[in-house]
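What follows is a short report on a single structure.
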Amino acid sequence: MTGMRVTGAYRGSGDGVEAGPLEATVAQLGAQDAIQVLCQGVADVVRAAPLRPSRVSVRFGCASLDVEWPATASVDAAVPAPDAESKPELDTVTAPLVGTFYRASEPGATPFVAPGDLVEPGQQVAIIEAMKLLNPILAEQHGEVVDVLVADAQPVEYGQPLLRLRPPRTERTG
Amino acid sequence: MTGMRVTGAYRGSGDGVEAGPLEATVAQLGAQDAIQVLCQGVADVVRAAPLRPSRVSVRFGCASLDVEWPATASVDAAVPAPDAESKPELDTVTAPLVGTFYRASEPGATPFVAPGDLVEPGQQVAIIEAMKLLNPILAEQHGEVVDVLVADAQPVEYGQPLLRLRPPRTERTG
Amino acid sequence: MNATTPEDRPFGTVLVANRGEIALRVVRTCREMGIRTVVVHSTADRDSAAVLAADEAVQIGPAAPKRSYLYPPAIVEVALRTGAEAVHPGYGFLAEDPDFAEICARNGLVFVGPRPEVMARLGDKAAARRLMAETGLPVPQGSARPLTDARDLAAVAREIGLPLIIKAVAGGGGRGMSVVWQADQLLPAFRATRAAAGAVFADDRVYAERFLPGARHIEVQVLADDHGNIIHLGARDCSVQRRYQKLIEESPAPALAPGVLGRLTGAAVAGARSVGYSGAGTFEFVVDGDDVAFIEVNCRIQVEHPVTEMVTGVDLVREQLQVAAGRPLSLGQDDVRPRGVAVECRVNVEDADRDFLPCPGVLTEFVPPGGPFVRVDTHGYPGWRVPAEYDSLVAKVIAWAPDRRQALARMDRALAEFRVSGPGVRTTRDLLREVLADPDFRAAEHTTSLLAELTARRSRPHRAG
Amino acid sequence: MNATTPEDRPFGTVLVANRGEIALRVVRTCREMGIRTVVVHSTADRDSAAVLAADEAVQIGPAAPKRSYLYPPAIVEVALRTGAEAVHPGYGFLAEDPDFAEICARNGLVFVGPRPEVMARLGDKAAARRLMAETGLPVPQGSARPLTDARDLAAVAREIGLPLIIKAVAGGGGRGMSVVWQADQLLPAFRATRAAAGAVFADDRVYAERFLPGARHIEVQVLADDHGNIIHLGARDCSVQRRYQKLIEESPAPALAPGVLGRLTGAAVAGARSVGYSGAGTFEFVVDGDDVAFIEVNCRIQVEHPVTEMVTGVDLVREQLQVAAGRPLSLGQDDVRPRGVAVECRVNVEDADRDFLPCPGVLTEFVPPGGPFVRVDTHGYPGWRVPAEYDSLVAKVIAWAPDRRQALARMDRALAEFRVSGPGVRTTRDLLREVLADPDFRAAEHTTSLLAELTARRSRPHRAG
């Protein structure tokens, strides 16, 4: 298969009888809204995907939407999607404010964290300077630093991913 | 596959065994509304998608809609023609010009044709008056008149269906 | 293409600290002047038209305005980082916040608006009214000062009579007001308004003034620079309001009593001069026949500014930017030669049948009107999701014609061809068309009560036989 | 809402015998005047914006214009059936066909345009030029009569010199013309033009006139009624052309030599008076410094009419309808007070890199520009398929400003925000922006050769190092 496949399945936990808050939400939505949400989902995927998908499938409770595009149309379907699929279990630390990102407390100092480091909740991992104030960025979870996504002294937006952490195995299975 | 296939399946609560508030919502909608919502969903997807999809499938509870387009670029086929599919074997005589449709040569006279009549190529089936000229409308094929779609003395547009003919069996298999 | 050479544009980079149609409006004029634009936005506005149109866009916070559009540190940080020399605040949000203007100044940024101290003086509505009364402007009968307690309220009510209106000192945008028609409603209204004002504006002071139910809302647009030039650009009538929020505005103000226009424009220019106003501003009045009373000054560009632009040919945002850069206005009073009539209708995603309940959603269909003498200011586009977090305005339709009758007919034509739809989305379009068809409105005999009467008629059940 | 009472609208029902943006344009003004509209359309235009906007739409034939938009019996039949009192022909198709106007008259329908005999006289370009020369209008050196044969052509060429242009007597819309630069091209060009004219216009007569490569195309808009009133609404410059078809137009005409504007407008009014013109019409001239020559009259509303509307505030279609109903013009010459500068850009679905090859298709994305002083006349909307059978114009963007420099900057801003795309769809938008950035164009020193030079530069391969 040449094209990319994105499956936006929203299955909840098991495949059988689904319940819980999600289900309740869908129930409230009603058919029209639900389909609308699914359409939006497909549109978002298509917009967000760096490559044009050949097939998108969205499901939410009893509502589902499946779209396929002809294989010929996907002109720029050569490069695989970045990492969305390959590293699905990583946590991301995002910027809680706009400012300048610093990896260390001062120029030349050792960075707060580097790939491979283990961090724990509350541990400082970076600084964002805004309005001449230095705002410490703290980890919220346990994890191993996989990579630092922003170079030192670069401007960051609100919500921009800064670091990726791999949660410890014990937590994942727990 | 050349033609377009539209499947408006309405499966009821057969195999899916989904119940609860969702099912109730769909039930409230009623068949027509549900399909309407799904059609809208498909239309939205087709409109929103940067490329025309080759296949769209929408499902909500027990209602589902599946549309496939042929691989060739026949883009005009997004909307199904009203009766084209339901009575695929009928020929239609359409108005070759804009004007006023008459079923008979003069008021009170016997109509040129009535349902059940057999017509042959070149036989006059109606008149369209335009610019005070009476234009005879001739059948182009053999067939049995199924129905006359326009009332006497009504205005018709170019291309408007006037009569439907059922071709003789021999011709269909031949 | 840069149509303007670097030397003659007022700024190299301007940061737009707003969203929606007004952010796009400011970006448009900046582009035309060769100014680079930076738009700050919340996570809910990632795909907004202003973001798409700007040279640079920076996400500064979540959807909640308090942490994005109302959060000065993030805005100033972005301005400094992107090399912006000036900040245009649009309307609403921080547009009339003297503290924000002050912060900008302290950080070497030009705030596009009047000086902070002028804004502070005019922002206190009771103080502004005292000030204008001193300058000789007519003000409504009322307390002209915050009410201290219930006893004070009773005294004022005796003095000015009923109906009266209780307003938040720090109010604006139609919020924090109650009209009192009966004496036994005085105290509950006083308490409710004070509580609301405290919650919304963090300032629970309220004042009372006479309410004129048969009045019109008339306002005068002024422009002032730092070289002593102050001009007015005529009046706007904004009497078609729902819950004190304007829906239809027009310029010139129709059917004013003889001499009233001159009194209003004269008062506005005198008032602006007395406080050392600079930039674009609006002096609002209530008018009932010959009876004229000053209400407040809006220290910003207004939603309805396009009607003034259409009749005068002046780009008000352009003048704001020129003045902010310390330059003189590009025109004098004699150069203001209004032509014809312009009307603006606000198309909001609201359900007029359910008390104007906002109903945001995806605009699956969005085909704005066009053609002769029609202008549309909208940030909407097909497929865009109107965020639920902000106001419900999605488009302003402005129609111009040589006379009012033609302008209203043109507006109705434009609204009729405006196609907006989406799941759950309803708009004020049909209600606007009802107003356009209303005999009182067409005869320009309507007052600020028009819409209330009209919606009351709409919701009244039809009786058979 | 009917803004106009039945007594004061000029017609109860008008049939619009056209398609695309001009059909929508006419429907818009009709609606504003309270006139019911009937739009006739081909099978290819079933979903057109004009069809959607009209009160009634009737399909009259297949996509091929000969059997729909160019087929008088179907149009007249629909007019009679729907109770239309008048037929507005737009531009192109039957707009300048005296026979059609005659057929309308015989069937009791008002044709919105000059009287058939006036159209017939002005439609013969050679005869029109003789006529105007008699009235004292300057005409270009040339045959002033159809060329009989090759010998005749040679004689004319000796008389007026090279380059010369060979034109179809029945030509128009940029078709049926050849420019001859060298003597040995005379005969081939003569034969080719004659053959093309015979094929396209069913009239193979051609004439020759001097060609001015350094000239500008300037035209004067006139309005005339049946009460002896004839006025002009200033001049338009339409020098930015590709293959003799206009791409950018503006009003007023910039940088005319002193006295030229007066000569042109005077000549147009005198010419219109001499033939008993009525309705809206355009007198076209070539201008090279002080050198002025009359070219032809267009007996219809023109594509570029909005620039005149924007500077004068006059709705030209409205005046057409008033005049067609036998009423006087709504304004006199003294009421025409142009303000500022308006520019129009035609956005066509064409590939400017492939010799303007039309590339119609579905407009999956279609977000027209808006905001201050921008008008868009378009029949496009998201999801609409541009039919391959008709011309490639999808939108006219018009920008107004107090001066030309600001108008060009505003136009560039508007074009930059215009989002049109679809599979296979390309537009002239980027080429238009290149023209706006061209130093000659910005200095108003360009001629009709500008676009040819610009596209030549574009297509020239870049050399490395």
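All values below were derived from every heavy atom in this structure, side-chain atoms included, with hydrogens, water molecules and symmetry-related copies excluded. Order of the sequence lines fixes the chain letters, A, B, ..., with proteins taken first and strands second; residue numbering starts at 1 for each chain. Values in this document were obtained by computation on a predicted structure and should not be read as measured data.
- Proximity to chain D (any heavy atom under 4.5 Å) is restricted, for Q406(C), to the side chain, taken from C-beta onward.
- Aromatic ring pairs are classed by plane angle as parallel below 30°, tilted from 30° to 60° and perpendicular above 60°; the pair W400(D) and F373(D) is tilted.
- For the pair E56(C) and R36(C), the salt-bridge criterion is met [side-chain N within less than 4.0 Å of a carboxylate O].
- For P372(D), the parts sitting under 4.5 Å from any heavy atom of chain C are the backbone and the side chain alike.
- Using a 4.0 Å cut-off between a side-chain N of Lys or Arg and a carboxylate O of Asp or Glu, D8(D) and R327(D) do not qualify as a salt bridge.
- In this structure, R404(D) satisfies the cation-pi test against F441(D), with its NZ or CZ atom closer than 6.0 Å to the six-membered ring centre and inside 45 degrees of the ring normal.
- If you measure heavy-atom distances from R25(D) to chain C, the contacts under 4.5 Å come from the side chain alone.
- Contact of V367(D) with chain C is made through the side chain alone, with heavy-atom distances under 4.5 Å.
- When the candidates P369(C), A53(C), P368(C), G371(C) are compared by the number of heavy-atom contacts under 4.5 Å with chain D, G371(C) comes out ahead.
- Residue A401(C): no heavy atom, backbone or side chain, is found under 4.5 Å from chain D.
- For the options E21(D), E365(D), E417(D), heavy-atom pairs under 4.5 Å to chain C are most numerous at E417(D).
- Note on V374(D), D315(D), L52(D), V317(D): by heavy-atom pairs under 4.5 Å with chain C, the leading option is D315(D).
- For A416(D), the part sitting under 4.5 Å from any heavy atom of chain C is the side chain, from C-beta outward, and nothing else.
- Panel note: side chain T364(C), backbone S421(C); a donor-acceptor pair is recorded below 3.5 Å.
- Of the listed residues (M310(C), R419(C), K396(C)), the one with the most heavy-atom contacts under 4.5 Å to chain D is R419(C).
- For E304(D), the side-chain hydrogen bond (donor to acceptor under 3.5 Å, both in side chains) partners at least two apart in sequence or on another chain are K246(D), Q302(D), R346(D).
- With a threshold of 4.5 angstrom between heavy atoms, L316(D) does not approach chain C through any atom at all.
- Cation-pi geometry between R413(D) and F418(D) is not met at under 6.0 angstrom from the ring centre and within 45 degrees of the axis.
- Pairs engaging residues 367-378 of chain D under the side chain to side chain donor-acceptor pair (under 3.5 Å) rule: E309(D)-R375(D), R375(D)-D377(D) [sequence neighbours left out].
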